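All heavy atoms count here, side chains included; hydrogens, waters and symmetry mates do not. Below, chain A is the first sequence line, B the second, and so on; all start at residue 1. Because the structure is predicted, anything quoted here is derived from the model rather than measured.
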Amino acid sequence: MLELVIISTLNGVQYGMLLFLMASGLTLIFSMMGVLNFAHASFYMLGAFFGFQISRWLGFWPALVIAPVAVGGIGALVERYGLRNVHRHGHVPELLFTFGLAYVIEEVVQMIWGKAPVDFRVPSLLDFPAFTVFATNYPAYKLFMLLTSVAIFVVLFIILRRTRIGLVVQAALTHPHMVAHLGHNVPLVFMSVFGVGTALAAVAGVIAGPALVTQSNMAGLLGPILFVVVVVGGLGSLAGAFAASLLIGLVQTFAVSVNLSMADIFAFAHFTPSPGTIARDVWNVTLAQIAPILPYVLLVLVLVLKPTGLWGTRET
Amino acid sequence: MGRNLLWGLAAAAVMGSILSAKAQETIKVAYIDPLSGGGASTGETGLKTYQFIADQLNAKGGVLGKRIEIVGYDNKLNPQESLIQAQKAIDAGARVITQGNGSAVAAALTDFVAKYNDRNPGKEVLYLNYAAVDPVLTNEKCNYWHFRFDANADIKMEALTNYLKPSTSIKKVYLINQDYSFGQAVRVAARRMLAAKRPDIQIVGDELHPLQKITDFAPYVAKIKASGADTIITGNWDKDISLLLKAAADAGLQVDWYTYYADAPGGPTAIKQTGLNHRVFQVAEGAANIPNAPSQEFERALRAKYDFGLLYPRAVNELRLLAAAIAEAKSTDPLKIAAKLEGMKFTVFDGGEGFMRADDHQFFQPMYIKSFGDLTTNEPFDEEKTGWGWRVVAKVDTPDTILPTVCKMKRPST
């Protein structure tokens, strides 16, 4: 039991930190531009495929640096020549623009790398069990994913809270006009934040690529969860995104390992619906089976009970 | 350079016109399976395999002087999308549909084909199912136009449980399956047959997880580990088995595996990584290392062209049986082909006799239990360059695979 708890906690935190790498960029971009970037998960996918391709040519470690820079560059260009032009027409065109962009990226990825998964392997340097909890091995690569995510979180936090750049970014979040009047180049700040946000998503893509599956629907699989994280944490709140990422990572991992069902909960009352009815089916569904929809249940609950999100200040 | 290019273009144009003239003479078989998203690795391997088999048949002159043409349609593993693709295929002139991945898809397709044929007499469509093995398709939901070439889930579980019955080391079994009709059929069959054959075995877990959506099975493996299971039974296919095995390898899970589809793309690599030498079993209708000259020759030819071995001996059976039925009927009319297919006897790919039972259109053939591990010199084929390959550990002859059916076949009145 203890073994299961420890391993599940590690798995949950690791998945949560991966979510945070993506959610941080998404939530920063939202708080700056007021736009939910539907294509954010697509940049994560681009990161994974760039990482795959570059690691073919130069190896994994160069890929870990080059792929995010390249994707961040693409992100910055998208902001400069796409979003900024659309911005004049209001929020709905912006939303539609990012929505369309997600499809374009998916199609391009399918055109270049095909629709089937590509063979993105864990680098051999990290292909060994890092440590053993009781009798379960914990792969070194997962530990690497966890540590990388934590390191990036710390760096991001320090930059935003402790440096002059962070100060300007934070100010631009809430008072862009004032910041502009003070002589800062606000459009450049916007472009940089968009670029850095997408680069972070790409980092997540490169490190998740070998562990999860690198294929053209990976954006679609992760995208919805990302929005749950951002909304639950509170739109625009970095601390909220951090907490929500961990929460959802842990909830999803732990739910899988719990076999609790309504039948168990009500066992003491000796109440069971008659066999063959829908109620009976519902009765026997375990928490493990509904694990994948739990984040969405959380999303609905948060929107009903606290629409600003757990840490957010603004109405979603 | 420029002149060469010009000649090349001219040659291509001539070839193209020859091909398009010949295209009118083809027998179109629509391959409707996932070619993107979840299940795509298996879907693409299947499509290439079908095209390879068709090429071989065509090289021998085709059927009735016509070429067999395989056309791929991507159904994204979605029942609704499959119906759209089926309609598209029919509109493009296909009268034979083949599909395998996903019994939920198969249930939708068999319904669709039955209705389509009712409404369009004279334009009937055949549905050849090569891998959707939910038993209902040849029982409660049986349909005259549907022919299944893979053994159904019950037949496979019967073979697996008969094989594991004498292993006294098995005490705690963990069931993990995909949460849809097929996965549930596997789980029900496993519970029923284990209870009958080995009542002492304890079922310590009975998991259903979402179909082809999970990218990391680590939480599931942690749970399996905590349950203390010594054996896993799973019907998982494609990424759901290869990623499950990969997560097991990462966590160092040491158990025996009784599977339906451990040979899925990526599966052999993951098994090698687990280090479980001849402890991962699969029930199938064939294996590359069966000492049968014609099938080994086929295997060599396939591997010379692609980097994978034959996952679907049943696909070879399917197309060869289709060709035989067309030749015998002297017609490409599905109505006449179906009449010939019913009850047809056939020497299957890996040797031995099989037959298409007329009562329910289930094909019966010798089944094998094979295990994955190191090979002797008589076993020439390894998988995915691992050095390990499949070895047959038990064979079930055709008569012993026969299970009763509740199908009441409705035949077209002619």
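- Of the possible polar contacts, one joining the B:Asn139 side chain to the B:Val406 backbone as a donor-acceptor pair under 3.5 Å is found.
- Heavy atoms closer than 4.5 Å to chain A are found in the side chain of B:Asp179, but not in its backbone.
- Options B:Gly43, B:Ala249, B:Ala222, B:Pro34 differ in how many heavy-atom pairs under 4.5 Å they form with chain A, and the most are formed by B:Ala222.
- Taking non-hydrogen atoms and a 4.5 Å limit, the residue list of residues 226-245 of chain B in contact with chain A, ordered by number, reads B:Ala226, B:Lys239, B:Leu243.
- A salt bridge between A:Lys142 and B:Asp216 is present, with a side-chain N of the basic residue lying under 4.0 Å from a carboxylate O of the acidic one.
- The contact between A:Pro292 and chain B is made entirely by side chain atoms (from C-beta outward), counting heavy-atom distances below 4.5 Å.
- Among B:Gly38, B:Ala251, B:Gly266, B:Pro265, the residue making the largest number of heavy-atom pairs under 4.5 Å with chain A is B:Ala251.
- Aromatic ring centroids of A:Phe50 and A:Trp57 lie 6.0 Å or more apart.
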Starting from the C-alpha separation in whole Å, work towards a yes-or-no answer on ring-ring contact (aromatic ring centres under 6.0 Å, His included) for B:Tyr73 and B:Tyr31.
-> CA-CA 6 Å; B:Tyr73 291 89; B:Tyr31 175 91; 9.5 Å; no
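- For A:Asn217, the part sitting under 4.5 Å from any heavy atom of chain B is the side chain, from C-beta outward, and nothing else.
- For the salt bridge (Lys or Arg N to Asp or Glu O under 4.0 Å) condition, the pairs that include at least one residue of residues 202-213 of chain B, sequence neighbours left out, are B:Arg187-B:Asp206, B:Arg191-B:Asp206, B:Glu207-B:Lys223.
- Ring centers of B:Tyr50 and B:Tyr130: under 6.0 Å apart, within the cut-off.
- When A:Gly220, A:Ser257, A:Ala211 are compared by the number of non-hydrogen pairs under 4.5 Å with chain B, A:Ser257 comes out ahead.
- For A:Ala208, no part lies under 4.5 angstrom from a heavy atom of chain B.
- B:Phe217 is listed as a side-chain neighbour of B:His209, based on a closest heavy-atom distance under 4.5 Å.
- The side chain to side chain contact (heavy atoms under 4.5 Å, CB included) test applied to A:Phe128 returns A:Ala140, not counting sequence neighbours.
- Proximity of a side-chain donor or acceptor of B:Gln51 to a complementary backbone N or O of B:Ile53 within less than 3.5 Å is not detected.
- Checked against side chain to side chain donor-acceptor pair (under 3.5 Å), B:Tyr260 has no partners two or more places apart in sequence or in another chain.
- Proximity to chain B (any heavy atom under 4.5 Å) is restricted, for A:Glu3, to the side chain, taken from C-beta onward.
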